[in-house]
Amino acid sequence: MIPFVLTAIFALVIYLILTAGSGNLGVWSASEIIAGIALALVTAGVTRRFLCRSGNYRMANPLRLLLIPVYILGPFLVEVTKANLDVAYRVITGNIRPGIIRVRSGLKTDLGIFMLANSITLTPGTITVDIDEETHDLFVHNINLAQGEESHESIQDHELFAIADLPAWIRRIAE
Amino acid sequence: MIDYWLPAALILVILIMLAAVRLWIGPTPADRALAVDTVNTLTVAVLILLGVAYRQIIFIDVAIVYALLSFVSTLFIAKYIGGEL
Amino acid sequence: MITDTIVLICLVIGILFNALGVLGLLRFPDVYTRMHATTKATTFGSVFTALAVIIYGGSLYYGTADPQYITLIIHTIIAALALAFTNAVSSHALARAAHKSGIKPAQAVVDRLGEARR
């Protein structure tokens, strides 16, 4: 029952965001709201198993959801800007020293690993290539390894980020 | 006020053609799939710019749907290249 | 006008990074390094083009108070978010598929994934 309700609310919110500005009941018209509720119930009936598959409802807490935009607009944006200046420098000069390294994360939840992998992909010089299913280690392709870094067996996740400690933020949101 | 949306869209279309060069010469299938992915991203940007240039909000809805559908197609091409399909 | 200048600056930044991404796609030696250029630079560039559209829509709404510009802003934000998430995930999928199909990273000094597979 709880997965059904959560999925329906989620679908309804997305429908209402997409149709905002259509009428005069708030910013929605009455027909859009009725259609949204009907479609949200149908969607929840079909997909209730997928959204809450892990069986814990930690992410339904609005405070954690509120932290996600703060994370994206704050430390993440700084790192992404630095990443793009770095990529611009590498494209123009062409000096690279690539390699695939193993990164320990220690994250347990699917959402946490998803956010960490995406953050790694969009930040300086690194993209996630694969994941070890048992230990949840990430394999990261690094475009410019520092001298001597290839001899390490694996490195901890926060060593990848220079300015802000993104893994700590992700732990605060998703763990 | 000058209209700068259409020139911007034109520059992005030229970039799409440059990405199509990699689609043409790319030595491995993965390179070609990557070029298609780039073309999809740039197409979404062009659709957003055209939506403003012609004052048609429906273009931006098309851009959202295009982004999500091209994502699914890229995932399936990746599964095929990786030999899981 | 000041908003016009800001919109133009965002647009130029967006096009510049898109151009760098495509240049990297043509210039780098193998599929993984090309992926660095396309994923980061074209996502950032497209998000900045969307940001230019958002600021432009905001200035139009400020002038006319027409609710259709609110729709324009919200839909552009959703398109940019969809782009940012799907781009990162599809690049993971492509990188994993490329490594599974046996493409070795060129000029690589270390390949831990290849060692783990063996």
Inter-chain contacts: residues 9-18 of chain B against chain C, heavy atoms under 4.5 Å
B:I11, B:L12, B:L15, B:L18
Side-chain touch C:D30/B:T28, heavy atoms, less than 4.5 angstrom:
no
Student check: side-chain heavy atoms of C:V7 and B:W5 closer than 4.5 Å:
yes
When rounded to the nearest 0.5 angstrom, what is the spacing between [atom1] in [X] and [atom2] in [Y]?
X	Y	atom1	atom2	result
B:I64	C:H75	CD1	NE2	6.0 Å
B:I60	C:T71	CD1	OG1	10.0 Å
B:I57	C:Y69	CD1	OH	8.0 Å
B:I48	C:S46	CD1	OG	7.5 Å
C:N87	B:D37	CG	CG	5.5 Å

How about residues 14-24 of chain C versus chain B: which residues have heavy atoms under 4.5 Å apart?
C:I15, C:N18, C:A19, C:V22
Minimum-distance pair of heavy atoms, taken over all atoms of [X] and [Y]:
X	Y	result
B:R22	C:L25	NE-O, 3.0 Å
C:T42	B:T38	CG2-CG2, 4.0 Å
B:P27	C:R34	CD-NH1, 4.5 Å

Just give me the residue among C:I78, C:T43, C:L83 that pairs up with chain B most often, heavy atom to heavy atom, under 4.5 Å.
C:L83
Between B:T41 and C:T38, is a side-chain contact (heavy atoms from CB on, under 4.5 Å) present by the stated rule, with each step listed?
CA-CA 9 Å; B:T41 310; C:T38 61; over 6 Å; no
Using residues 72-81 of chain B as the side-chain source, report each donor-acceptor pair under 3.5 Å to any protein atom, sequence neighbours left out, with the distance given to one decimal.
unit_1: B:S73; atom_1: OG; unit_2: B:S70; atom_2: O; d: 2.9
unit_1: B:T74; atom_1: OG1; unit_2: B:S70; atom_2: O; d: 2.7

Quick one: list whatever passes side-chain hydrogen bond (donor to acceptor under 3.5 Å, both in side chains) with C:T86, sequence neighbours left out.
none
Under a 4.5 Å heavy-atom cutoff, which of B:V46, B:L34, B:V65 has the most pairs with chain C?
B:L34
From the list B:V21, B:V44, B:D61, B:L68, the residue making the most non-hydrogen contacts under 4.5 Å with chain C is B:D61
With a 6.0 Å cut-off (strictly less than), is the heavy-atom count around CZ of B:F59, excluding the residue itself, greater than 12?
yes
